[in-house]
Amino acid sequence: MTNPPIPGWTAQEQDAQFMLPGAFASKASKFERSIRRRNWFEFGAGSIVIAVFATVAWLTADIASTVMMAAWIAIMIGVFVVMINLARFGSNLQRLPELDCRTHLRGQLARQSTALKSVWLWYLGPLVPGITLLHIARVYEFSAKMGLLDAIIYVTPSALFTVVIFAAVHWLNLRGAARLDAEIDALDQLGQF
Amino acid sequence: MSKQQNALYAEAGANFAPAIARLAHAMERQPDQAAELVQEIHLELWRSFARFEGQCSLSTWVYRVAHNVAADHVGRQKRGMKTVPLDQFETLPAVHDTERGIAENHAMARVYHLLQRIPSIDAQVVLLWLEGQSGAEISAITGLGGSAVSVRIHRAKAMIAEGFHTHNEDM
């Protein structure tokens, strides 16, 4: 401790006092509240998606092929797995604010980077079986009217579009992870000299 | 809730309550948000004392918890805006909210404005220096190397001294 360089700075807030600890017993931190809120939001959004697909499956139950019904079910399962993964990522945060500031920040960045790099596994991956089945089902249903080759040609553009969207999401996440890794490298250097 | 946890909390309150209030008001400029941040720091400090076993000095522990909680609190909004590293400032930035600038003493308002615009890790060093922490203490709290801390202190010292000098000349 040295003499404060700007006395006017330390002259501020001299009357400040700590809250009484009794007030903490039932209080959730803003950090915990934000995680809870985010989990509820993701749960709500996932539930809506599942409800929409369940409604579509129910409405088309009489006319849809078995493959199409399997696609709807696989998509619903995929969304459910994504919801679980999102909750898992949000819930296993261990908060240790007593670590030095660089280590604390580095830990957060590293965790975010790992999550972004593995988006293909925990976010995109669970949706792939359902989406793939959906396109197969479309080929199967169209082939009855126009023949297999024409059905494949007809469905290919939308299938390619889906592949491009998935690839773009994966690429954007990798780019975000690379930016975080650069920040981590800069932080590591700050700790060395 | 242990006796030791409460005793440490009381000791921290007796010694660091004003510093934590200054930190919160420097990092979060909306008064209601700053008040919430103060409470958030108190809560996390109290919780953290259950894990305190003398790993470092009480002062280092308190400042680490306070700064990390404050950085998390403003982290989202700072990530959304483009911060400018401390070494890219030649002088303290001008305050555009003149009403606030006049109300707060112009040079002090410019220090607050600087703290808003620089990355959290730079702001932490400047704030700890303003609190009178030594370079070694700042290193222990922030985890930055001695040279990285020195460079930032040197930069802040020159800018803030110049800012207050100019302010005094203007008066």
Pick from A:P97, A:P4, A:A16: which one has the most heavy-atom pairs with chain B under 4.5 Å?
->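 That would be A:P97.
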
In terms of heavy-atom pairs under 4.5 Å, which option from A:L187, A:L96, A:T103, A:T10 contacts chain B the most?
->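 With the most close heavy-atom pairs to chain B, the winner is A:T10.
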
For the candidates [options], which exhibits the highest count of non-hydrogen atom pairs separated by less than 4.5 Å from chain A?
options: B:I160, B:V38, B:V65; result: B:V65
options: B:H67, B:E44, B:Q133, B:Q124; result: B:E44
options: B:L45, B:I121, B:I20; result: B:I121
options: B:A21, B:A19, B:A10, B:S48; result: B:A21

Residues in salt bridge (charged side-chain N to carboxylate O under 4.0 Å, His left out) contact with A:R138, at least two apart in sequence or another chain =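 Scan of A:R138 (salt bridge (charged side-chain N to carboxylate O under 4.0 Å, His left out), adjacent residues dropped) gives none.
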
Which region of B:Q39, side chain (C-beta onward) or backbone (N, CA, C, O), has a non-hydrogen atom less than 4.5 Å from a non-hydrogen atom of chain A, or is it both or neither?
->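 For B:Q39, heavy atoms of backbone and side chain both lie under 4.5 Å from chain A.
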
Side chain, backbone, both or neither: which part of B:A140 has an atom under 4.5 Å from a heavy atom of chain A?
->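 Answer is backbone: N, CA, C or O of B:A140 sit under 4.5 Å from chain A.
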
Could you give all pairs that pass the side-chain hydrogen bond (donor to acceptor under 3.5 Å, both in side chains) test and reach residues 56-78 of chain A, with sequence neighbours left out?
->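 Listed once each, the pairs are A:S65-A:E141.
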
Find the distance between [atom1] ([X]) and [atom2] ([Y]) and round it off to the nearest 0.5 Å.
X: A:I84; Y: A:F43; atom1: CD1; atom2: CZ; result: 10.5 Å
X: B:I41; Y: B:M27; atom1: CD1; atom2: CE; result: 9.0 Å
X: A:I165; Y: A:L124; atom1: CD1; atom2: CG; result: 11.0 Å
X: A:L105; Y: A:I184; atom1: CG; atom2: CD1; result: 9.0 Å

Is the shortest distance from a Lys or Arg side-chain nitrogen in [X] or [Y] to a carboxylate oxygen in the other one below 4.0 Å?
X: B:R117; Y: B:D122; value: no
X: A:R106; Y: A:E183; value: no
X: A:R102; Y: A:D188; value: yes

Ignoring hydrogens and geometry, is there a side-chain-to-backbone donor-acceptor pair from B:R22 to A:E13 under 3.5 Å?
->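 No; zero donor-acceptor contacts below 3.5 Å.
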
Which residues from residues 50-64 of chain B are near chain A, with near meaning under 4.5 Å between non-hydrogen atoms?
->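 Under the 4.5 Å heavy-atom cut-off, B:R51, B:W61, B:R64 qualify.
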
Proximity of residues 147-159 of chain B to chain A, residues having a non-hydrogen atom under 4.5 angstrom |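 Under the 4.5 Å heavy-atom cut-off, B:S147, B:A148, B:R152 qualify.
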
Under 4.5 Å from any heavy atom of chain B - which part of A:Q14 |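 Contact with chain B involves both backbone and side-chain atoms of A:Q14.
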
Do the rings of B:F49 and B:Y9 sit parallel, tilted or perpendicular, given the 30° and 60° boundaries?
->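 Rings of B:F49 and B:Y9: perpendicular, over 60°.
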
List the atom of A:W9, the atom of B:A26, and the distance in Å for their closest heavy-atom pair.
->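 Scanning both residues, the minimum pair turns out to be CH2-CB, 3.9 Å.
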
Are any non-hydrogen side-chain atoms of B:V69 and B:L43 less than 4.5 angstrom apart?
->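 With C-beta onward as the side chain, the pair stays apart.
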
May I ask you to check whether A:N173 and A:W120 show a side-chain donor-acceptor distance below 3.5 Å?
->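 Judged by distance alone, the side chains do not pair up.
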
